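What follows is a single structure, written as structure tokens, with notes after it.
Below, each value reflects all heavy atoms present in this structure, side chains not excepted, and no hydrogens, waters or symmetry copies. This chain uses plain numbering: 1 for the first residue, then up along the sequence. Model, not experiment: these values are computed from the prediction.
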Amino acid sequence: MTKTQKSILIVEDDSGISHILELKLKSAGYATTLVSGGEAALTALKKTKFNLMLLDLRMPGMDGFMVLQTMRKHKDTTPVIVCSVLSQDADIKRAKEFGIVDYIIKVNVPLQGILDRIERFFKTESGNT
């Protein structure tokens, strides 16, 4: 049984975290693209269609909230899972107002848990199509 490889844009300014995520996702069979900031994320989204974006919120320059706001302004419907250290209810609520599919507080969820949430998203998405 072959499956179409899903592509994931990882937007994370911490190179250690982004490379660990990339290795884990590639070993699970996903195609990944890494970018380290909001501007780079928007550029990548203009060039390539991704099946999912993992988005950090706290980044220098353009933060994740601005990325979400710009995406929605330009009618970009790429599904987004926020993966952030921000754990305040107000931050979670604000992110969800942009229509994200999930919010992961990365200090509370192990790497395998992040992969599990991504796989759950793709299973749910394929069930809806």
Side-chain angles (χ1 to χ4, degrees):
M1 178 170 118
T2 61
K3 67 176 183 176
T4 305
Q5 190 174 40
K6 303 288 187 181
S7 61
I8 300 174
L9 175 61
I10 301 168
V11 185
E12 171 63 63
D13 64 316
D14 182 316
S15 62
I17 292 171
S18 63
H19 289 299
I20 290 169
L21 279 169
E22 179 183 42
L23 289 172
K24 186 73 169 176
L25 292 173
K26 280 187 174 183
S27 71
Y30 297 104
T32 60
T33 300
L34 293 177
V35 296
S36 62
E39 293 285 349
L42 294 174
T43 299
L45 288 168
K46 286 179 188 174
K47 293 180 182 179
T48 307
K49 172 110 173 95
F50 294 94
N51 300 105
L52 180 67
M53 177 168 63
L54 274 182
L55 177 65
D56 188 10
L57 294 177
R58 286 185 47 193
M59 298 179 289
M62 179 183 279
D63 69 13
F65 289 115
M66 286 301 298
V67 171
L68 290 167
Q69 182 177 8
T70 304
M71 286 174 66
R72 298 318 178 219
K73 179 181 171 186
H74 291 104
K75 308 284 190 248
D76 185 318
T77 59
T78 304
V80 177
I81 293 178
V82 168
C83 192
S84 179
V85 297
L86 297 178
S87 60
Q88 298 293 319
D89 288 342
D91 293 319
I92 296 168
K93 181 180 182 223
R94 183 176 173 204
K96 287 183 176 182
E97 288 172 355
F98 289 105
I100 63 169
V101 298
D102 203 351
Y103 192 106
I104 298 169
I105 301 168
K106 61 185 167 187
V107 295
N108 294 347
V109 179
L111 189 57
Q112 184 60 47
I114 294 171
L115 178 61
D116 291 345
R117 303 268 282 269
I118 291 168
E119 290 180 345
R120 187 176 321 132
F121 163 73
F122 284 125
K123 283 180 186 169
T124 302
E125 177 195 55
S126 66
N128 290 335
T129 55

Group every Ile, Leu, Val, Met, Phe, Trp and Tyr by side-chain heavy-atom contacts under 4.5 Å, then state whether Val11 and Val85 land in the same group. yes

Please table the atom pairs, donor to acceptor, closer than 3.5 Å between any side-chain atom in residues 67-74 and protein atoms at least two apart or in another chain.
unit_1, atom_1, unit_2, atom_2, d
Thr70, OG1, Met66, O, 2.8
Arg72, NE, Phe98, O, 2.7
Arg72, NH1, Asp76, O, 2.7
Arg72, NH2, Phe98, O, 3.3
His74, ND1, Thr70, O, 3.0

Carefully, step by step, assess Tyr103 and Cys83 under the rule side-chain contact (heavy atoms from CB on, under 4.5 Å). CA-CA 6 Å; Tyr103 192 106; Cys83 192; over 6 Å; no

Strictly distance-based, threshold 3.5 Å: is any side-chain N or O of Gln5 a donor or acceptor partner for the main-chain N or O of Gly29? yes

Listed partners of Asp13 passing side-chain contact (heavy atoms from CB on, under 4.5 Å), at least two apart: Asp56, Met59, Pro60

Residues in side chain to side chain donor-acceptor pair (under 3.5 Å) contact with Asp63, at least two apart in sequence or another chain: none

Kindly determine whether Ile10 and Thr33 satisfy side-chain contact (heavy atoms from CB on, under 4.5 Å), including the steps that lead there. CA-CA 6 Å; Ile10 301 168; Thr33 300; over 6 Å; no

Lys26: what forms a salt bridge (charged side-chain N to carboxylate O under 4.0 Å, His left out) with it, not counting sequence neighbours? Glu22

ILVMFWY cluster, Ile92 and Val107 together (side-chain gap under 4.5 Å): yes

Side-chain donor/acceptor pairs under 3.5 Å, residues 35-53, sequence neighbours excluded:
unit_1, atom_1, unit_2, atom_2, d
Thr43, OG1, Glu39, O, 3.1
Asn51, OD1, Ser7, N, 2.7
Asn51, OD1, Ser7, OG, 3.2

Measure the spacing between CD1 of Ile100 and CD1 of Ile81 and express it to the nearest 0.5 Å. 9.0 Å

Sorted by chain and residue number, the side-chain contact (heavy atoms from CB on, under 4.5 Å) partners of Leu23 (sequence neighbours excluded) come out as none

May I ask you to test the Leu111-Leu21 pair for a side-chain heavy-atom distance under 4.5 Å? yes

Listed partners of Lys6 passing salt bridge (charged side-chain N to carboxylate O under 4.0 Å, His left out), at least two apart: Glu125

Name all residues meeting the side-chain contact (heavy atoms from CB on, under 4.5 Å) criterion together with Gln112; count only those two or more places apart in sequence or in a different chain, and write none if there are none. Lys24, Leu115, Asp116

Is it true that atom CG of Asp89 has more than 12 heavy atoms of other residues, nucleotides or ligands lying nearer than 6.0 Å? no

From CD1 (Ile17) to CG (Leu34), nearest 0.5 Å: 12.0 Å

Looking at side-chain heavy atoms only, is the closest gap between Leu9 and Leu54 below 4.5 Å? no

Single-linkage hydrophobic cluster, 4.5 Å side-chain cutoff, Val101 and Leu25 together: yes

Using the rule that Ile, Leu, Val, Met, Phe, Trp and Tyr join whenever any side-chain heavy atoms are under 4.5 Å apart, tell me whether Leu57 and Val109 fall into a single cluster. no

I need the Arg117 CZ to Ile114 CD1 distance, nearest 0.5 Å. 8.5 Å

Separation between CD of Glu12 and CG of Leu55, rounded to the nearest 0.5 Å: 9.5 Å

For Glu97, the side-chain contact (heavy atoms from CB on, under 4.5 Å) test, sequence neighbours excluded, returns Lys93

Test your reading of the model: is there a side-chain donor-acceptor pair from Gln88 to the backbone of Ala90, 3.5 Å cut-off? no

